Each structure stands twice: as structure tokens, then as C-alpha cells.
Amino acid sequence: MRRRELIAGVLGLGAVGGGAYIATRSETGTVEPVELQTIDAPGSEAGTMTVPERGTVSVVKFFATWCGTCGAMMPEVRAAHEDIGDEANFVSVTYEPLGHSVTRADVADWWRDHEGAWTVAHDSEFVLTDALGVAGVPTTAVLDEENRIVLNDGGYKREKDFIEAVEKARA
Amino acid sequence: MLRLTGAGTLAATTGCLGALGGGGNENTVLSPPENYELLRDAELPYPVYGEPLPEATIEAPLRDTEVSTREFVGERHVLLTFIFTRCVGVCPGLTANLVQVQAEAAERGYTDDVALLAVTFDPVYDTEEVLREYADNMGINRDAGNFYLLRPDGEKRSREVVEETFGHGYEKTELYEPTGELEHNHGGNEGNRSGGGTGGGNGEPQQPFAHQPLFLVANSEGYVERSYGNSAPTPNTVIEDVNELVDA
């Protein structure tokens with residue numbers, strides 16, 4: 001009987017294996033700019049970057065080097081970046097603990113292997129991660145020029161999803 | 001209350017498990033979670049704040065041994081979650097949270113004060129070989145000696161441990177196959193099922209199991225401090241919990 005209740009609870013979420021991403025993520029609100037360390041990789045220089053930057057639309061892609069779906073999504077992000085990279089600031093962010101099993105060089109290798117061509121950054125103190133309530137990857141956030149959240153969603157995203165969100169942010 | 005098969009016995013012998021004045025609990029270090037009264041009164045199938053961590057002894061194939069979830073009592077804080085390695089939804093984030101704590105522990109010098117346990121509920125697919133590959137892919141430091149990938153011996157045992165003892169519900173979906181590999185590395189054809197299918201339109205891929213995440217934080221005395229159900233905790237949430245326990 002208990003098992004039935006458990007399963008009812010699971011299915012009550014209305015999504016198989018899903019639902020879980022929803023609760024902690026902030027779906028509205030404004031995000032304060034934070035400074036992230038950027039990584040030396042194709043299209044990305046070592047240094048710092050303010051994310052999200054006021055006055056420009058931001059596309060923030062949270063990923064991890066172990067994340068198969070994140071890798072599979074890269075052609076979609078790349079296509080979106082080619083289409084609208086001049087209208088929005090693209091940045092991919094990992095919050096993996098770097099310097100342990102995974103290093104900055106590993107992130108750069110992953111970036112090269114997946115043909116990234118924009119800034120890749122590390123949220124070592126979870127500042128942006130916490131501001132957006134991110135608990136899993138991939139997560140995609142799009143913020144408008146006032147840093148208001150337009151999109152903050154988990155799972156696989158296609159080229160058109162990025163374009164639509166950026167159009168909405170610019171509307 | 002199936003979990004009481006394990007936890008209830010302990011509760012009866014140790015007593016003192018209810019909330020005390022001020023909402024605290026003499027067995028816990030952290031303050032009660034915000035929604036504590038709701039959690040306590042909801043009679044959730046999994047253990048909540050102030051309750052004993054249930055006992056189960058589960059094989060740890062990568063260490064060629066068995067581990068009791070309570071063998072660390074008196075020695076280490078325990079973080080425990082439930083996963084399957086071919087999951088491309090919430091589970092890798094749960095494992096990644098354990099990896100985050102492992103890294104924090106290494107940086108702050110408390111590697112030997114925590115035990116990080118991930119129990120698979122897909123034992124047919126998750127063989128020793130698969131678990132080893134998973135550990136390496138997820139960036140688990142297997143040499144640190146504080147990370148345990150646990151595999152109940154068979155589906156029946158998995159049901160007993162994961163669902164009955166710990167109250168983590170899961171169910172096979174129509175996509176379940178004993179050895180079916182999800183093609184999440186091959187062009188992303190698990191895709192965004194928005195507008196149809198069981199993905200519910202939230203970008204979640206279809207999976208062989210339906211489950212809700214459960215992530216437990218228990219103190220070194222064997223009492224649950226936090227149980228994150230419904231949604232995965234953010235990594236920083238978990239790190240802050242453990243740091244507070246270690247610093248107490």
C-alpha cells in the first residue's frame with residue numbers, strides 16, 4: 001500500500017523523471033551581476049567577466065564536463081550563437097569543483113572537443129548558480145537588458161529555443 | 001509506514017525524537033528546516049529532520065565489500081542519495097553534489113569526516129564495470145576513501161532497500177530495458193519532448209525510471225539533518241549543510 005502511495009507521488013509530478021528541476025529554479029526576478037572567472041579556451045580568454053551584464057541580453061548555459069546532454073546540445077547552442085551572437089552575450093558556465101578530478105585544462109579540452117566559440121566561465125563560489133537556483137545541468141537562462149529572467153529552464157534546448165527567448169528578451 | 005521497519009525500532013529505543021521547545025532537536029546540529037512542521041506532519045515515506053538514518057547493508061562492488069548505512073555512526077557525517085547511472089535527468093546532479101562535497105572536504109581537510117553514498121536502483125544495468133566507468137566520468141575521487149557507490153544485489157533487494165527502507169519511490173517506465181542505453185551522447189535525440197510524450201514539456205528526456213530525487217544529510221550521530229525530496233538541492237546548499245556540521 002505504501003508503495004502505491006509512493007508511486008502515486010512520483011507520477012503526481014506529471015513528468016517522468018522531471019519536475020525535479022523546477023522547484024529550486026528562479027523563474028522570475030532580477031539577477032544581480034556577478035564576476036566570474038573565465039577560462040582560456042577557443043573563443044574565450046582567461047580573465048573575468050560580469051554576468052549578467054546590464055544593457056545587453058545574456059544567454060547563460062550551465063553545463064558540466066561529465067554531462068552528456070550538455071555535449072549533445074552544443075551544436076544547437078553553436079547554431080544559435082552564429083545566428084544571434086551579435087544580439088546577445090553568450091556565456092557557458094560550469095560550477096564543477098575545478099582543480100580536483102576535473103581541471104581548467106579539462107574544461108578547455110571539453111570546450112575544444114565540442115567546438116565552443118564563445119566565453120566559458122567558472123562559477124567557483126556558486127554565486128550565479130545560487131542566484132538562479134540551479135541544481136542540475138544543462139540549465140539555460142536568458143536575461144534581458146535589465147537582467148530580468150526571461151527563461152530559466154533545465155534540459156535539452158534547441159537552436160530555436162534560444163532564438164525565441166532572446167527575441168522575447170529584446171521585445 | 002514501511003520505513004519504520006528500520007527507523008522505528010531505533011526511535012523506540014532512543015526516544016527523544018520529537019521537536020523540542022523552540023523547534024530544535026537534541027539529536028541535531030542544524031536548525032530545523034523552514035518547512036519542518038509540514039515535513040514532520042506529512043508522514044513522508046522517507047526520514048526527515050531529527051529522525052534516525054535507517055539501516056541497510058548494501059554491497060559496494062568497487063570496494064569489494066558491504067557497507068551499512070549506519071556503520072559510520074560516531075565517526076562520519078553521511079550524505080546519501082539514490083541514482084541510476086543511465087539517468088540523464090536529475091540523478092547526475094545528485095551525484096555531482098556528492099562530488100562537490102568531496103572536493104570541499106579535500107580543500108578544508110575533512111575528507112575522513114564524511115561518507116558519501118550513492119545507491120543505484122538499477123542493479124541489473126549498473127554492474128561493477130558500469131559503476132566504475134560512472135565514477136570516473138563523474139569525477140569521483142575513488143582514492144579519497146570516502147565515496148561509496150552502492151549496488152543492492154538484484155531488483156528485489158533494490159526495492160527493499162531503496163523504497164521500503166528509505167522511502168525513495170521509483171517505478172520502471174515503458175522505456176525500461178535491462179540493458180538499454182540512452183543515446184544522450186549521440187546527437188541529442190533524447191531531445192526536448194515539449195508538447196508531447198512523457199517528458200511533460202519541461203525539457204526532460206524520457207527515462208527508464210520515474211522517480212523523485214531524495215538526498216539525505218545525516219550527522220555523525222546517525223540522525224537526519226536534512227532530507228531533500230521533490231527537488232534536488234543546489235550544490236551550495238549541501239556544502240553549507242556539511243560545513244555547518246563539521247564546524248559544530
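Order of the sequence lines sets the chain letters (A, B, ...), proteins ahead of strands, with each chain counted from 1. All of these numbers come straight from a predicted model, not from anything done at the bench.
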message: Can you confirm whether more than 12 heavy atoms, excluding those of B/E107, are under 6.0 Å from its CD atom?
response: yes

query: Which heavy atom in B/A96 sits nearest to a heavy atom in A/W66, and how many Å separate them?
result: CB-CZ2, 3.5 Å

message: If I compare all heavy atoms of B/N236 with all of A/D130, which pair ends up nearest, and what's the gap?
response: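 Heavy atoms only, the tightest pair is ND2-OD2, 2.6 Å.
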
Among the listed options B/T237, B/V238, B/N137, B/V99, the residue most often paired with chain A at heavy-atom distances under 4.5 Å: B/N137

- prompt: What option among B/P233, B/G229, B/P235 has the most heavy-atom pairs under 4.5 Å with chain A?
  reply: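 Most heavy-atom pairs within the cutoff with chain A belong to B/P235.
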
field: Min side-chain heavy-atom separation B/I239-A/F126 under 4.5 Å
entry: yes

message: Suppose a student defines contact as a heavy atom less than 4.5 Å from any heavy atom of chain A. Which residues in residues 139-147 of chain B would they list?
response: B/G139, B/I140, B/N141

query: Considering heavy atoms only, which positions within residues 80-105 of chain A lie below 4.5 Å of chain B?
result: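 At a heavy-atom separation under 4.5 Å, chain B is reached by A/Y95, A/E96, A/P97, A/H100, A/S101.
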
